[in-house]
Amino acid sequence: MNISGFIPVDTLTKLNSMTGTNNTYKLDSIVGNDEDKSTNNDTAIDFSSILKDKLNEVNDKQVSADNMTNQFIAGDDVDVHQVMLSTQEAQMSLQLAVQIRNKIVESYQELNRMQV
Amino acid sequence: MTVNNISGQQITYDLIKKSLDASSTRADVISNNIANINTAGYKRRYVTFEDTLKQSLDNITMKKDNSLHMDDGNSFGAISVKEDSSSSMKVDGNNVDIDSEMANQAQNTLMYQALTSQASSRISMRRYVITGGGN
Amino acid sequence: MGAFTGLNISSSGLSAERLRMDTISSNIANADTTRTETGEPYRRKIAVFQENLDRELNSVTGQYETKLKGVKAVQIVNDNSSLRQVYDPSNPDANAEGYVSMPNVNILNEMADLISSTRAYEANVSAINAQKSMFSSALQIGR
């Protein structure tokens, strides 16, 4: 899942200019340029990397639900409640991620409507 | 922004999952005891979980500031299958009491059902929050 | 434990008890059989059970774990206690002194064994029902 796909670069330029020199939005890391981490401000809140981590966690939950189901079908050592709970958790994580995406898209559209 | 405080809700949910594992193992062990009711020399087995749980639960609730890895729930206490080697009255050395096994089984089944219903309600609650009370 | 371990364990118990009941039925039916294929009188048969276990190496923890698999019937042995001697000179199988060796089957003992076997069978059936209801309630998670 590529984050830069749904947060275009020019919006972030607008955000950066609005917050002045506080540079909390890491433009580089959002377009995928991760090699330069050492020069980044470590104490600043990095929204894009949080988002990336959480999406990876959502993906991990999907993968683990798939693995559990496969093991269950193959007759391995999983219990039925483990399979049910892992699929429910995966579903909820995905729903949450989709809702967050909706909110981000809404706020992006809101920003676009602003008269600058 | 890291989450160091594991909320009480999360602890309870992980505890429910671990307890479901223990209950499921216990059901299998009780079935094994019942199947071996007429096996000479067989000693009944049982599952320990709740006694090690009590101890570790105190440790967990006190240390709220640690980032505990709750993923597999092993901090709660191990589920272990033990053998009860007490001697029995029967001539063939078998110490399975059919009535106590049936009673344990009924109790365990109810516990499992209560736990699944709890897990289910928690999931519904979270889903309600996620979907904003709508669809 | 796998998802259906409990059911497999209970079904092994059912098979074992059914075998035992068949043995008992054979004993009762042959309580007066003075001549079998070998020429000997019928000897009471006993089904011998053993716990069915698997010891396997867990690749994750590196330790041996026992997997419970219920019960298995290992043998059907003859009861080698002495045969009853009954005085009946008119019987074709009587020996020189007129005594017939009758099978060492005591009907009352066999009936008591049959009752205990039936009770064990019913207990295994209730174990299967308990496992089934647990399984069904797990399937309701999240509905």
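Computed from heavy atoms alone, side chains included, the values below leave out hydrogens, waters and symmetry copies. In what follows, chains are A, B, ... by sequence order, proteins preceding strands, each numbered from 1.
Atom CD of Glu110(A) sits in a sparse spot, with 12 or fewer heavy atoms from other residues, nucleotides or ligands closer than 6.0 Å. Open room surrounds CZ on Arg119(C); 12 or fewer heavy atoms of other groups in view lie less than 6.0 Å from it.
For residues 10-17 of chain C, an interface with chain A (any heavy-atom pair closer than 4.5 Å) does not exist. Using a 4.5 Å heavy-atom cut-off against chain A, the contacting residues of residues 122-140 of chain C are Phe135(C), Ala138(C), Leu139(C).
For the options Gln91(A), Gln88(A), His81(A), heavy-atom pairs under 4.5 Å to chain C are most numerous at Gln88(A).
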